[in-house]
Amino acid sequence: MAIRNRVWEIADGFGLENLKIKDRVVPENIGPNEVLVRLTATSLNYRDYLMAIGQYNPRQKLPLVPCSDGAGVVESVGTNVKKWKTGDRVIPIFAQSWQDGIPDMDSLRSTLGGPNDGCLMEYRVFDAQGLVKTPEHLTDAEAATLGCAGLTAYNAVVTFGGIEPGSTVLTLGTGGVSLFALQFAKMLGAKVIVTSSSDEKLARAKKLGADEGINYSTRSNWERDVRKHTDMKGADLIIEVGGAGTLPKSMMAVRPYGTIALIGVLAGGESTLSLYPILMQGVKVQGVIVGSKADFERMNSAISQNKMKPVVDKSFGWDEVPEAFAYLRSGQHFGKVVIEWQS
């Protein structure tokens with residue numbers, strides 16, 4: 001008997017006003033290497049918002065089920081699947097074909113939430129290789145924050161950042177990636193400096209372990225403050241989520257031969273800027289595209305070993321998806337915005 005599957009779709013054009021609940025049907029028979037997952041939670045990334053309004057990929061085919069992140073429970077497995085069984089708690093990986101190493105273009109086209117349907121649905125069929133185990137100490141809502149923001153921060157800090165005890169990490173803002181980076185950096189014994197336009201958010205970041213906080217709305221030359229907090233040396237790693245709007249200042253705040261992990265474009269994606277600081281100081285600007293399944297499993301081992309908890313700012317219900325997107329767009333959040341439901 002077919003199972004009703006409610007989904008949120010962008011169907012008749014881009015824009016949050018076109019985000020509607022639709023009915024689909026769960027396949028009665030899944031493939032031999034597939035897993036049917038009853039999804040219970042998703043988290044919102046800025047990419048999801050840009051995808052919904054048509055700015056991330058104006059050529060994206062519609063209809064599209066948004067949201068790259070998810071978590072849930074295995075409902076059934078195909079005849080060849082040995083790793084998973086009914087009742088297992090799982091998290092889908094962002095790029096379903098990216099198992100390990102450096103991805104090829106086909107792997108980068110296998111991403112959830114665009115170009116392929118995402119996780120804002122009650123049931124979804126995945127390839128058995130496209131899932132990882134949920135850390136036991138996390139709720140599904142917490143686990144649903146790991147696939148994009150968590151893994152991006154992990155690779156920025158651990159894989160590309162070369163962070164070790166005594167290093168200094170600068171995180172811009174207090175969104176999901178930045179707070180994950182704060183947590184991973186402290187796990188490695190680093191000093192962390194956080195920027196925000198809110199003193200209240202800076203105080204909360206210090207409770208998470210941040211060593212210094214800079215309010216960029218009152219300290220417009222915040223790159224100078226970073227220098228002062230590092231004995232004029234500069235930060236070893238900068239978690240750059242602003243993009244073109246903040247990159248020039250980040251280039252002045254990083255130490256010679258330091259790393260700028262370029263992750264987001266919250267302050268703009270295009271700009272004219274001088275490349276001299278990069279050239280003259282040997283700075284590495286590293287784009288971070290989330291990570292592979294192997295990266296995800298390594299990160300989850302670290303999270304489980306340290307009993308690390310993602311920072312969830314606010315949870316919305318199934319019928320509150322437009323409100324959740326609006327809240328993300330407002331920039332009021334501290335950490336992750338999640339949506340939880342029961343099928």
Side-chain angles (χ1 to χ4, degrees), residues 100-103 149-196 205 208-214 216 219-292 294-295 298-299 302:
D100 199 359
I102 298 173
L151 189 51
T152 297
Y154 174 85
N155 276 321
V157 172
V158 178
T159 306
F160 300 120
I163 295 306
E164 56 188 26
S167 298
T168 300
V169 176
L170 170 67
T171 69
L172 302 189
T174 54
V177 172
S178 295
L179 292 187
F180 270 120
L182 162 61
Q183 291 173 293
F184 287 128
K186 295 307 294 184
M187 195 184 295
L188 293 171
K191 174 181 178 179
V192 180
I193 304 170
V194 176
T195 69
S196 174
L208 283 175
D211 298 277
E212 304 288 349
I214 302 171
Y216 62 79
R219 304 288 297 178
S220 59
N221 294 321
W222 53 261
E223 72 278 13
R224 297 179 184 176
D225 293 297
V226 174
R227 290 276 178 183
K228 291 177 183 177
H229 289 311
T230 57
D231 296 325
M232 304 308 292
K233 295 176 182 178
D236 296 287
L237 171 67
I238 297 180
I239 305 300
E240 173 56 80
V241 298
T246 51
L247 188 55
K249 289 183 179 293
S250 289
M251 290 192 297
M252 300 305 295
V254 70
R255 69 162 172 83
Y257 279 75
T259 299
I260 298 175
L262 186 58
I263 293 166
V265 291
L266 297 178
E270 296 182 8
S271 177
T272 300
L273 54 85
S274 172
L275 298 179
Y276 286 112
I278 296 175
L279 177 64
M280 300 304 293
Q281 297 187 67
V283 174
K284 179 171 70 175
V285 179
Q286 175 68 59
V288 184
I289 317 172
V290 190
S292 68
D295 294 326
R298 283 190 286 267
M299 177 188 71

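No hydrogens, no waters, no symmetry mates; every other heavy atom, side chains included, goes into these values. Positions are given from 1, in the same order as the sequence printed here.
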*Start with the C-alpha gap between E212 and K191, add the side-chain angles, then the distance that decides, and say whether side chain to side chain contact (heavy atoms under 4.5 Å, CB included) holds.*
CA-CA 8 Å; E212 304 288 349; K191 174 181 178 179; 4.1 Å; yes

Is the side chain of [X] donor-acceptor paired with the backbone N or O of [Y] at a distance under 3.5 Å, no angle test?
X	Y	value
T152	A149	no
D211	I193	no
D236	G258	no
T195	G173	yes
R227	K233	yes
K249	S220	yes

Euclidean distance, [Y] [atom2] relative to [X] [atom1], rounded to 0.5 Å:
X	Y	atom1	atom2	answer
E240	S178	CD	OG	9.5 Å
T246	M251	OG1	CE	10.0 Å
I263	I238	CD1	CD1	11.5 Å

Restricting to non-hydrogen atoms, name the atom on [X] and the atom on [Y] that form the minimum distance, rounded to 0.1 Å.
X	Y	result
L188	I163	CD1-O, 3.9 Å
L182	A205	CD2-O, 3.8 Å
F180	A153	CB-CB, 3.4 Å
K186	G209	CE-O, 3.3 Å
A253	V226	O-CG1, 3.8 Å
A235	V254	O-CG2, 3.3 Å

_Apply side chain to side chain contact (heavy atoms under 4.5 Å, CB included) to residues W222 and L172 and explain how you reach the verdict._
CA-CA 11 Å; W222 53 261; L172 302 189; 3.9 Å; yes

*asked:* According to side chain to side chain contact (heavy atoms under 4.5 Å, CB included), who are the partners of R219, at least two apart in sequence or on a separate chain?
replied: I214, D225, K228

*Does a sphere of radius 6.0 Å around CZ in R224 hold more than 12 heavy atoms from other residues, nucleotides or ligands, not counting ones at 6.0 Å or beyond?*
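No, CZ of R224 has 12 or fewer neighbouring heavy atoms, counting only those of other groups under 6.0 Å.
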
*So with a 6.0 Å cut-off around CE of M187, is the heavy-atom count from everything else above 12?*
yes

*Show your working on side chain to side chain contact (heavy atoms under 4.5 Å, CB included) between I239 and V157 and close with a plain yes or no.*
CA-CA 8 Å; I239 305 300; V157 172; 4.3 Å; yes

Mind listing the side-chain donor-acceptor pairs of residues 275-292 below 3.5 Å, one per line with the distance, residues two or more places apart or on another chain?
from, atom 1, to, atom 2, distance (Å)
S292, OG, A294, N, 3.4
S292, OG, D295, N, 3.1
S292, OG, D295, OD2, 3.1

